[in-house]
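When a ligand or atom number is given, it counts from 1 through the structure's own listing order. Both backbone and side-chain heavy atoms feed into the values below; hydrogens, waters and symmetry mates do not. For this chain, numbers begin at 1 and follow the sequence in order.
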Amino acid sequence: VICGTAFHTPTRGTLEVLEDALIMIDSTGRISKVVAKNHPSAAEIRAEARHQGILTELQDGEFLLPGFVDLHIHAPQWPQLGKALDAPLEVWLQKYTFPLEARYADISFAREVYSALVEALLANGTTTAVYFATIHLEASLALAEICHAKGQRAFVGKVAMDHPEQCPTFYRDQDAATALDEMRTFIRRVQELAPGEDPLVRPIITPRFIPSCTDALLDGLGRIATETGCLVQTHCSESDWERDFVHERFGATDTEVLSRFGLLRQNSILAHANFVTDSDLALIRQEGAGVAHCPLSNFYFANAVFPLRTALDRNVQVGLGSDVSGGHSPSILDGCRHALLASRARQGGVDPGLSPDERGISHSSISVPEAFWLATAGGGEALGLPIGKFVPGYKFDALLIDLHVPESNVQQWPGIDTAEDVFQKIVLNATRANIVKTWVEGAVVSCGEFVRARARGSA
Ligand code: GUN
Ligand code: FE
């Protein structure tokens, strides 16, 4: 039982403050009950939990948030975080990214990077991550094992890419048949690693993007999706180059092509989707797929700003992706800020030479609670998982925020800041230092105090 003030956005754009509430967690890590402070049984539940020694009471300056969902992150690009962003997407892939990803043939390198990454993400509050790994079976399995061992909820994708014209010889699947075989093996082995109806770590079918895959590979992956029921992730309509490339090859949009190959399914995760058309949005909605909005990466690679408001108005499922390392921040709190800024850039426009009414697109900006919803419950809905809010039946994936850590940039001014103000301040200014504890499915998986103590001890 945890007693304290929690913030969440159970529906899009609506902040709910659970002030001094009691959150009861069952032995499977699910929330069994949320009891308001003034509920008649609150005092009794609290006393009983204290008596049993199972009560955690938040202190002054401490708040609970739901854990963050990163719908799109490239695990092998972690060593490239914060560099190599000087080229357009198609150059960046060939010049920097494929050579780096090819190194994961070395399993010990993979383990070293992936361990550091998963720890960093948990410390930044990412309780669920949807990963692209590399083409390598063993290294991709290592990522799944590491997520499992460290307790992070994850979808892990061994990347499929076999097109001889778009993938270099040193980094591509041998052919479609081999890639499909390995994808089946990968799925089976991840399912063995985390068995059961409701595993923490799951495989996800991952064609890199249409340009890097042959028709035979796309077709086979669609069949595996139908056979296994595994989710699918890919990049979709990301940049001018990418959209035009697909249109030249198929005379259709990315979304249409994915649909033809059976890859546009319930809870398929489409990264970016910047250039989707109105009919693409309708198709995405109809199939129940979702978009991983990656606002930071889009400023570098997309040549445009994702029409987030349009997608939301059409009831398309949307969450946030860091797109590490096309995005240079692993933090989904940063993702909220970037989504807010991107939406404002869309609203206001960018060219001062135009008159205000020609410059921007009205009804584009999002609110702080909407950004937070994207980062939590929105991401959960896109995956079809009960995560991202504090309601009974949902998983207790949560963060403990402490405003009193010495490194804090967030201050609560007594008599000035309401609870809503504090929430907004956290979303706009909290850092990794404020995230002092991370839970996944009721278990503590990262603890800032512990990390600090250990760092001091070894200094
Ligand atoms: N499209 C294909 N591969 C990638 C990748 O690694 N990052 C991004 N942002 N887009 C891609
Ligand atoms: Fe990406």
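- For ligand 1, the atoms closer than 4.0 angstrom to any heavy atom of Leu89 are 8 (C), 10 (N), 11 (C).
- Under a 4.0 Å criterion applied to the non-hydrogen atoms of Trp92, ligand 1 contributes the atoms 5 (C), 6 (O), 7 (N).
- Nearest-heavy-atom check against atom 10 (N) of ligand 1 across Met161, Glu238, Glu242 picks out Glu238.
- No more than 12 heavy atoms of other residues, nucleotides or ligands sit less than 6.0 Å from atom CD of Glu248.
- Results of the side chain to side chain contact (heavy atoms under 4.5 Å, CB included) test with Leu89 over Glu238, His235, Gln94 single out Glu238 as the only residue that passes.
- Among the atoms of His72, an N, O or S atom falls under 2.8 Å from the Fe ion (ligand 2).
- If you number the atoms of ligand 1 from 1 as listed, the ones under 4.0 Å from a heavy atom of His272 come out as 9 (N).
- A salt bridge is defined here as a Lys NZ or Arg NE, NH1 or NH2 lying under 4.0 Å from an Asp or Glu carboxylate O, and Arg314 with Asp278 meets this definition.
- Neither the backbone nor the side chain of Tyr300 has a heavy atom within less than 4.0 Å of ligand 1.
- The distance between the ring centers of Phe390 and Phe7 does not fall below 6.0 angstrom.
- Under the 6.0 Å cut-off for aromatic ring centres, Phe132 and His72 qualify, their centroids lying closer than that.
- A distance below 6.0 Å separates the ring centres of Tyr300 and His328.
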Practice task
Let me see the working for Thr214 and Asp162 under side-chain hydrogen bond (donor to acceptor under 3.5 Å, both in side chains), right down to the final yes or no.
Solution key: CA-CA 6 Å; Thr214 60; Asp162 69 331; 2.6 Å; yes

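- To the nearest 0.5 Å, atom CZ of residue Phe275 and atom CG of residue Asp280 are 12.5 Å apart.
- The nearest heavy-atom contact from the protein to atom 6 (O) of ligand 1 is Arg208 NH2, 2.7 Å.
- Asp323 has its closest N, O or S atom to the Fe ion (ligand 2) at the position named OD1.
- At a cut-off of 2.8 Å, His235 coordinates the Fe ion (ligand 2) through an N, O or S atom.
- Residue Asp323 has at least one nitrogen or oxygen atom sitting less than 3.5 Å from a nitrogen or oxygen atom of ligand 1, judged on distance alone.
- The ligand atoms of ligand 1 that sit less than 4.0 angstrom from a heavy atom of Phe209 are 1 (N), 2 (C).
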